[in-house]
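In what follows, a structure is listed as structure tokens, so that the remarks can point back to it.
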Amino acid sequence: MVVKHPALNVDYIEDRLRADLQSGRLWWVDASKYHRPLVGKEAGHVRRGRRNKNYWVVRISGISYLRSHLIMALATGRWPDDEVDHKNGNSLDDSITNLRHATRQQNSQNIKTRKRLSSLPMGIRLMPSGRYQARITIDKRQTYLGTFASVDDAKEMYQRARRQYFGDFA
């Protein structure tokens with residue numbers, strides 16, 4: 001289990017780990033007395049998370065923490081309020097330039113691809129009339145953007161709405 005709101009403070013992390021914020025990597029400075037050979041080695045390991053994505057996880061005092069949260073805490077001096085979003089979609093790239101604070105909704109909007117039952121683009125469905133409907137979900141409520149004669153017109157409307165409602169996270 002990975003802890004979302006850890007009980008660690010930033011000073012304690014700095015005492016135990018050395019960080020390279022540009023690369024997003026951590027190394028042990030002070031491992032536990034049972035793991036002295038870890039000193040100087042890269043901290044953590046890759047673990048498969050939700051939706052079969054891989055995340056780098058670091059165990060400190062027997063508790064697993066996401067490396068992205070540790071990097072964000074070290075860079076900003078405080079724990080992320082909600083979630084940490086990987087801008088480029090690569091959950092193993094924990095460089096500080098790739099991380100940003102995000103709400104759950106913002107983080108879910110940054111998904112590049114989703115498993116689809118249909119070959120239609122995200123946010124588009126084919127109506128019985130043969131026209132294409134564009135819709136977007138905002139705050140758990142679906143908003144209908146209109147029906148269009150072509151899939152390209154519907155996709156353009158959907159992308160415009162994503163940029164309008166989600167800005168940089170679209």
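The backbone N or O of Trp56 lies less than 3.5 Å from no partner atom in the side chain of Arg67, so there is not a single donor-acceptor pair. A donor-acceptor pair is defined here as one N or O able to donate and one able to accept, closer than 3.5 Å; no such pair exists between the side chain of Lys155 and the backbone of Met122. Between the side chain of Ser91 and the backbone N or O of Asn54, at least one donor-acceptor pair lies under 3.5 Å. For Lys87 (side chain) and Arg100 (main-chain N/O), no donor-acceptor pair under 3.5 Å exists by modelled atom type. The backbone N or O of Thr147 lies less than 3.5 Å from a partner atom in the side chain of Arg131, making a donor-acceptor pair.
Here the closest non-hydrogen pair linking Ala154 and Ala134 is O-CB, 3.6 Å. In this structure, Ile96 and Ala75 approach most closely via the heavy-atom pair CD1-CB, 3.4 Å. Contact between Arg78 and Thr76 at its shortest, heavy atoms only, is O-OG1, 3.0 Å. Residue Tyr55 comes nearest to His86 through the heavy atom pair CE2-CE1, 4.5 Å, listed as atom of the first residue, atom of the second, then distance. Shortest non-hydrogen contact noted between Lys53 and Gly89 is NZ-O, 3.1 Å.
When side chains are defined from C-beta on, Val84 does not count as touching Leu66, because their heavy atoms never get closer than 4.5 Å. Between Gln22 and Thr97, some side-chain heavy-atom pair lies under the 4.5 Å cut-off. Tyr158 is not listed as a side-chain neighbour of Arg160, based on a closest heavy-atom distance of 4.5 Å or more. By the 4.5 Å heavy-atom criterion applied to side chains, Leu70 and Val58 are counted as neighbours. Between Val151 and Pro121, some side-chain heavy-atom pair lies under the 4.5 Å cut-off. Contact of the Ile136 side chain with the Phe166 side chain is registered, since non-hydrogen atoms from C-beta on lie closer than 4.5 Å.
In this structure, CD1 on Ile124 lies 10.0 Å from OH on Tyr132, to the nearest 0.5 angstrom. For the atom pair Trp28 CH2 and Glu42 CD, the distance stands at 11.5 Å (nearest 0.5 Å). Atom CG of Leu21 is separated from atom CE of Met72 by 10.5 Å, given to the nearest 0.5 angstrom. How far CD of Gln159 is from CG of Leu145: 11.0 Å, rounded to the nearest 0.5 Å.
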Original post:
Stepwise, does the side-chain contact (heavy atoms from CB on, under 4.5 Å) test hold for Leu99 with Asp93?
Top reply: CA-CA 9 Å; Leu99 301 178; Asp93 178 1; over 6 Å; no
**OP:** Starting from the C-alpha separation in whole Å, work towards a yes-or-no answer on side-chain contact (heavy atoms from CB on, under 4.5 Å) for Trp27 and Lys41.
**Re:** CA-CA 5 Å; Trp27 291 270; Lys41 295 193 174 161; 5.7 Å; no
Original post:
Between Asp30 and Arg36, is a salt bridge (Lys or Arg N to Asp or Glu O under 4.0 Å) present by the stated rule, with each step listed?
Top reply: CA-CA 8 Å; Asp30 179 23; Arg36 290 289 176 220; 3.2 Å; yes
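No side-chain N or O of Ser95 forms a donor-acceptor pair with one of Asn98 less than 3.5 Å apart. The closest side-chain donor-acceptor pair between Asp85 and His101, if any, does not fall under 3.5 angstrom. Between Ser61 and Tyr12, the side chains place a donor N or O and an acceptor N or O closer than 3.5 Å (distance only, hydrogens not considered). For the residue pair Gln142/Tyr144, the side-chain donor-acceptor check at 3.5 Å is satisfied.
Of the candidates Ile60, Ile71, Val29, Leu74, Leu17 forms a side-chain contact (heavy atoms from CB on, under 4.5 Å) with just one, namely Ile60.
Leu26 and Val39 sit in two unconnected hydrophobic clusters of ILVMFWY residues. Membership requires side-chain heavy atoms under 4.5 Å apart, directly or through other members.
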